[in-house]
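Read the structure below first, then the notes.
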Amino acid sequence: MELSSTTNLGFIHAFVAAISVIIVSELGDKTFFIAAIMAMRYNRLIVLAGAMLALGLMTCLSVLFGYATTVIPRVYTYYVSTALFAIFGLRMLREGLKMSPDEGQEELEEVQAEIKRKDEELQRTKLLNGTGDMETGAGPTVPKKRWMPCISPIFVQAFTLTFLAEWGDRSQLTTIVLAAREDPFGVAVGGTIGHCLCTGLAVIGGRMIAQKISVRTVTIIGGIVFLLFAFSALFISPDSGF
């Protein structure tokens, strides 16, 4: 009974930690802007599905990477991860305090330019294949391969852009660190739900929310959250189970 209670508490602690750090890391991040901009141009459900598949896959991979470090004695991974949280927190605070108020607009414009370039490449590829414009449907009709109706070019684009933007990102590193010290299932579920909330908000709100979010404020709050998790290590024993 006591073991079950400790396991449940460990899962909840990991879940709360994961969903908290993912939200403060992803709001106003590059993947957030990718989903917001693509949702304004294409079918929202397709964009959401592509982005969430990429983020879900990345979360699972990150949890596996972090869980692999559990072969090392927990006391070491616990305090190393705590130190990393403190470093991440201090770095985010410094970045946030140095940011200009229009920092989010610069990121938004960068993502817009990248998506426009990808669109142009996709249009050229479709024209060369004789399938016409992907929005208007203009161009000669040619027989399609059987698997083509199942894989939308927009889905592939949303998946690819999101996966590449997330690889090596702060949220991926944070997920790895969390999985090394917390319950991996709690981290996986919390991280995935955190990504769902942020990406869903981006897809539904689109450009309006993207323009309203203060990246500077979110970054400062994120730094404080990271520092709080690092500070909590002073009161929680590495052998407590969560």
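Excluded from the calculations below are hydrogen atoms, water molecules and symmetry mates; all remaining heavy atoms, backbone and side chain alike, are included.
- Nearest heavy atom pair, residue A39 against residue R44, reads O-CG, 3.7 Å.
- In this structure, CE in M52 is found 9.5 Å from OG1 in T162, a value given to the nearest 0.5 Å.
- Closest approach of L45 to N43, counting heavy atoms only: N-OD1, 2.9 Å.
- For the pair I19 and L197, the minimum side-chain heavy-atom distance is below 4.5 Å.
- What you find for T31 and E166 is that their closest heavy atoms are CG2-OE1, 3.4 Å.
- Using a 4.5 Å heavy-atom cutoff, the side chains of M92 and R170 are in contact.
- A continuous path of ILVMFWY side-chain contacts below 4.5 Å connects F15 to I12, so both sit in one hydrophobic cluster.
- No chain of hydrophobic side-chain contacts below 4.5 Å, direct or via other Ile, Leu, Val, Met, Phe, Trp or Tyr residues, connects V63 to L55.
- Between V187 and Y67 the shortest side-chain heavy-atom distance does not fall below 4.5 Å.
- Rounding to the nearest 0.5 angstrom, the gap separating the CZ atom in R94 from the OG1 atom in T219 is 13.0 Å.
- Under the 4.5 Å side-chain contact rule for hydrophobic residues, I220 and V24 do not share a cluster.
- For the pair T160 (side chain) and Q157 (backbone), a donor-acceptor distance under 3.5 Å is absent.
- In plain terms, the two heavy atoms of L227 and A86 that are nearest each other are CD2-O, 3.6 Å.
- By the rule that hydrophobic residues join a cluster once side-chain heavy atoms approach within less than 4.5 Å of another member, I46 and L161 end up as members of one cluster.
- Between F226 and F85, the two ring planes are tilted [angle within 30° to 60°].
- A continuous path of hydrophobic side-chain contacts links I193 to I176 [ILVMFWY only; heavy atoms under 4.5 Å].
- From T59, atom OG1 reaches atom CG of L64 across 11.0 Å, with rounding to the nearest 0.5 Å.
- Atom OH in Y79 sits 15.0 Å away from atom CG in L84 (nearest 0.5 Å).
- Interatomic distance, CZ of R181 versus OG1 of T82, reported as 4.0 Å (0.5 Å rounding).
- Counting non-hydrogen atoms of neighbouring residues, nucleotides and ligands closer than 6.0 angstrom, the CZ atom of F163 exceeds 12 such neighbours.
- Here the CD1-CZ distance, from I37 to F32, works out to 10.5 Å after rounding to the nearest 0.5 Å.
- At a threshold of 4.5 Å between non-hydrogen side-chain atoms, the residues I224 and L93 count as touching.
- Nearest approach of I22 to H195, heavy atoms of both residues: CG2-N, 3.6 Å.
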Practice prompt. Evaluate the criterion side-chain contact (heavy atoms from CB on, under 4.5 Å) for residue pair F88 and L173; output intermediate values, then yes/no.
Written response: CA-CA 10 Å; F88 287 162; L173 299 177; 4.1 Å; yes
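- The heavy-atom pair separating E26 from C198 by the smallest distance is CB-SG, 3.8 Å.
- Ring orientation note: the planes of F229 and H13 are nearly perpendicular, at an angle over 60° on the 30°/60° scale.
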